[in-house]
Amino acid sequence: MSTQWYDFALHVEKRVVRPFQTEEDELFGFNEGHLIMGNRIRDWNANAWIRSKRRRDDGVPDDVLSEHLGVPTFSQRFRDALRKARVGERDVQYLPVHVYKSTGEELKGYAFANIVARVRALDYDRTDWGPLPPDPDEGIDPNTGKPEVQVIWHAALIESSLIGHDIIRLVEFFAPVYVSQRFADVYRSGNFTGATLTPVVMT
């Protein structure tokens, strides 16, 4: 029986009514690029912070925080639930980050989820993907030896390549985050907020 996986989209549908949103940051030599490429980070500065800029953005914080960097940022409660279920233990490096409202009040317990599992699992034949115009023949991806993927509209993933993982980025295209049924079960059963899980095709 096939195990379902999901596209894990940030800040889309399942959110609180008036979510807290950040706009400023200080990562002490790091940036969002370091946090989405799938590389384990050494010498992380635990004083790193993100914050909202205006009172109108000082809403209710989601468990998957609405932040401006596009980096999955999980609450302590969500991480505790994942840890209890032993979900994603070898797939994620959690990097603590201070989260502040525009008033200076701290929302404690958040951490960036640096997803270090990069897996070659894209089914090119069943995936709706492509290069972005105006360069349809831009070249070959040196990591895969296949045409470079610049956008994925609807993914199809190879199930056998995902065994042993719960949250990944692809070797073929780093931007999307995909999560397992086990991850989805924890997210849904705990009524966590801040992300939308959309089923992908499994092959």
Side-chain angles (χ1 to χ4, degrees), residues 3-12 14-15 22 25 27-50 61-99 107-122 143 152 155 157-200:
T3 299
Q4 185 62 58
W5 276 67
Y6 300 84
D7 184 338
F8 185 75
L10 307 178
H11 327 151
V12 183
K14 190 181 178 186
R15 305 173 65 182
T22 69
D25 62 85
L27 305 184
F28 299 99
F30 293 98
N31 59 48
E32 61 270 30
H34 295 106
L35 298 169
I36 62 175
M37 293 304 294
N39 299 315
R40 189 169 291 275
I41 290 178
R42 303 180 186 277
D43 301 321
W44 177 253
N45 191 325
N47 293 315
W49 56 262
I50 54 178
D62 282 300
D63 294 291
V64 180
L65 197 67
S66 182
E67 48 69 54
H68 62 290
L69 299 173
V71 178
T73 307
F74 295 169
S75 68
Q76 183 71 61
R77 189 173 76 95
F78 187 29
R79 298 200 313 279
D80 286 347
L82 291 170
R83 187 176 297 111
K84 182 177 181 181
R86 303 192 68 179
V87 168
E89 290 180 312
R90 71 188 188 100
D91 298 329
V92 181
Q93 176 192 23
Y94 289 114
L95 302 170
V97 61
H98 295 280
V99 178
L107 303 171
K108 295 184 178 181
Y110 280 90
F112 290 133
N114 179 30
I115 300 162
V116 296
R118 290 286 299 274
V119 179
R120 189 169 173 172
L122 188 69
N143 293 315
I152 293 176
L157 303 182
I158 301 169
E159 183 179 1
S160 60
S161 299
L162 299 169
I163 294 171
H165 294 287
D166 289 302
I167 178 169
I168 67 149
R169 295 184 190 271
L170 294 171
V171 170
E172 297 89 343
F173 186 54
F174 72 88
V177 174
Y178 299 100
V179 300
S180 68
Q181 185 65 59
R182 283 168 22 96
F183 187 105
D185 289 344
V186 172
Y187 183 78
R188 289 166 172 165
S189 65
N191 291 317
F192 296 108
T193 64
T196 298
L197 279 63
T198 303
V200 301

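These numbers come from a predicted model, not from an experiment.
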Subject >> Evaluation steps, side chain to side chain contact (heavy atoms under 4.5 Å, CB included), between L157 and L170 >> reply: CA-CA 10 Å; L157 303 182; L170 294 171; 4.0 Å; yes
**OP:** Kindly say whether D166 contributes a backbone atom to a donor-acceptor pair with the side chain of Q181 at under 3.5 angstrom?
**Re:** no
Original post:
Does the side chain of V64 come within less than 4.5 Å of Y187's, by heavy atoms?
Top reply: yes
Original post:
How far apart are the closest heavy atoms of R77 and N191, and which atoms are they?
Top reply: NH2-O, 4.1 Å
Original post:
Do the side chain of R182 and the main chain of R86 share a donor and acceptor less than 3.5 angstrom apart?
Top reply: yes
**OP:** Looking only at non-hydrogen atoms, find the nearest pair between N47 and F28 and report the distance.
**Re:** O-CE1, 3.4 Å
Subject >> R118 side chain to M37 backbone, donor-acceptor under 3.5 Å >> reply: yes
Original post:
Are any side-chain N or O atoms of R79 and backbone N or O atoms of F74, one a donor and one an acceptor, separated by less than 3.5 Å?
Top reply: yes
Original post:
What is the ring orientation for W44 with F30, classed by angle as parallel under 30°, tilted 30 to 60°, or perpendicular over 60°?
Top reply: tilted
Subject >> Worked check of salt bridge (Lys or Arg N to Asp or Glu O under 4.0 Å) between R83 and D80 >> reply: CA-CA 5 Å; R83 187 176 297 111; D80 286 347; 3.0 Å; yes
**OP:** Identify the two heavy atoms, one from H165 and one from W5, that lie closest to each other, and give their separation to 0.1 Å.
**Re:** O-CZ2, 3.3 Å
Original post:
Is there a donor-acceptor pair closer than 3.5 Å between any side-chain N or O of E159 and the backbone N or O of T3?
Top reply: yes
**OP:** Nearest 0.5 Å please: distance from the CG atom of L35 over to the CG atom of N114.
**Re:** 6.0 Å
Original post:
Roughly how far apart are D91 CG and R169 CZ, rounded to 0.5 Å?
Top reply: 12.0 Å
**OP:** Please round to the nearest 0.5 Å and tell me the distance separating atom NZ of K84 and atom CG of L82.
**Re:** 12.5 Å
Subject >> Nearest heavy atoms of P96 and A46, plus distance in Å >> reply: CG-CB, 4.4 Å
Subject >> Distance, nearest 0.5 Å, that separates CG of D25 from CD of E32 >> reply: 7.0 Å
Original post:
Just one of D7, V200, L122 clears the side-chain contact (heavy atoms from CB on, under 4.5 Å) bar with I152, so which one?
Top reply: L122
Subject >> With F183, the ring pair (Phe, Tyr, Trp, His ring centres under 6.0 Å) member among Y178, F192, F78 >> reply: F78
**OP:** Compare every heavy atom of I50 with every heavy atom of V97, then report the nearest pair and how far apart it is.
**Re:** CG2-N, 4.1 Å
**OP:** Answer yes or no: is there a side-chain heavy-atom contact under 4.5 Å between L197 and R188?
**Re:** yes
Original post:
Which value, rounded to the nearest 0.5 Å, describes the distance between T73 atom OG1 and Y94 atom OH?
Top reply: 11.0 Å
Original post:
Would you say the side-chain atoms of Q93 pair up with the backbone N or O of I41, donor to acceptor, closer than 3.5 Å?
Top reply: yes
**OP:** Working to the nearest 0.5 Å, report the span between CG of N39 and NE2 of H34.
**Re:** 9.0 Å
Subject >> Minimum-distance pair of heavy atoms, taken over all atoms of L10 and P72 >> reply: CD1-N, 3.9 Å
